[in-house]
Asks: 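After the structure tokens below, expect a handful of questions from me.
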Amino acid sequence: TTSLRPLERLYIVQILKGMWITMRHLVGNVLSQGRNMRVIEYPDVRKPMAERYRGAHRLTTRPDGKLKCVACMCCSTACPAKCISIVADEDPEDPIEKYPVRFEIDMLRCIYCGYCVEACPKDAIFMSTELELAGFTRASLKYDIDKLKRTMPELGPRMDYIKRINERW
């Protein structure tokens, strides 16, 4: 093993290099008056998202308004973070089928892997391109059925992509 000299142990050279890089960027931005800075004015202008970006989870519904989810527990079983909890019950209109009484995703535990989407046999869950995944409390980041089935106004290209994927299967 090599031992560091006393001057190297203080990391002065590394600190000075870091300060030089910071000052170079600061002076460069001030002198160019921000012309070279890459800035997106967020609420007004959205950053273009990749077609395969995995954001917030969504539950889809049938044309009659009922959830497509049949509470098969495939998504909660496939989830490596164990953040999906489902309570199932018999559907009173169709005794063969089940439906979720409670469907919750703890977004603080979710790792956005997409395994739940892949595991779902009914295409009841998908991940939208929503970016606003923040909350003021921990409880607000536990998404229930009502929050998961709300509609997204900007799902046009994403839904086309989902349909193309489903056609291949």
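What you see is a predicted model; the values in this text were computed from it and never measured. Sequence positions, counted from 1, serve as the residue numbers for this chain.
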Asks: Dump the intermediate steps for side-chain contact (heavy atoms from CB on, under 4.5 Å) on R138 and L108, then the final yes or no.
Replies: CA-CA 8 Å; R138 289 182 173 271; L108 294 172; 3.4 Å; yes

Asks: SG of C120 to CD1 of I125: how many Å apart, nearest 0.5 Å?
Replies: 7.0 Å

Asks: State whether the side chain of R58 and the backbone N or O of S128 hold a donor-acceptor pair below 3.5 Å, judged by distance alone.
Replies: no

Asks: More than 12 foreign heavy atoms under 6.0 Å from OH of Y112: is that the case here?
Replies: yes

Asks: Enter the distance from S85:OG to D106:CG here, rounded to the nearest 0.5 Å.
Replies: 8.5 Å

Asks: Would you please name every residue forming a salt bridge (charged side-chain N to carboxylate O under 4.0 Å, His left out) with E97, sequence neighbours left out?
Replies: R62

Asks: Please say whether more than 12 non-hydrogen atoms of neighbouring residues, nucleotides or ligands are located less than 6.0 Å from NZ in K142.
Replies: no

Asks: Of the options F103, F126, Y143, which is the one that meets L59 in a side-chain contact (heavy atoms from CB on, under 4.5 Å)?
Replies: F103

Asks: Using every non-hydrogen atom in the two residues, find where V101 and A88 come nearest and quote the distance to one decimal.
Replies: CG2-C, 4.2 Å

Asks: Would you give the length of the straight line joining atom SG of C116 to atom CZ of R54, rounded to the nearest 0.5 angstrom?
Replies: 9.5 Å

Asks: How long is the gap from CG on D144 to CD on E104, to the nearest 0.5 Å?
Replies: 6.5 Å

Asks: Which atom pairs, one a donor and one an acceptor, fall under 3.5 Å between side chains of residues 64-77 and the rest of the protein, sequence neighbours left out?
Replies:
residue : atom : partner : partner atom : Å
D64     : OD1  : K66     : N            : 3.2
K66     : NZ   : D91     : OD2          : 2.8
S76     : OG   : M73     : O            : 3.2
T77     : OG1  : M73     : O            : 2.6

Asks: Has Q14 got more than 12 heavy atoms of other residues, nucleotides or ligands less than 6.0 Å from its CD?
Replies: yes

Asks: Can you tell me how far apart CG (L141) and CD1 (I105) are? Round to the nearest 0.5 Å.
Replies: 12.0 Å

Asks: To the closest 0.5 Å, what do you measure between CE (M107) and SG (C83)?
Replies: 7.5 Å

Asks: Measure across I145 and P100 and return the closest heavy-atom pair with its distance rounded to 0.1 Å.
Replies: CD1-O, 3.6 Å

Asks: Name the atoms and distances for all side-chain donor-acceptor pairs under 3.5 Å in residues 15-25, with sequence neighbours left out.
Replies:
residue : atom : partner : partner atom : Å
T22     : OG1  : G18     : O            : 3.0

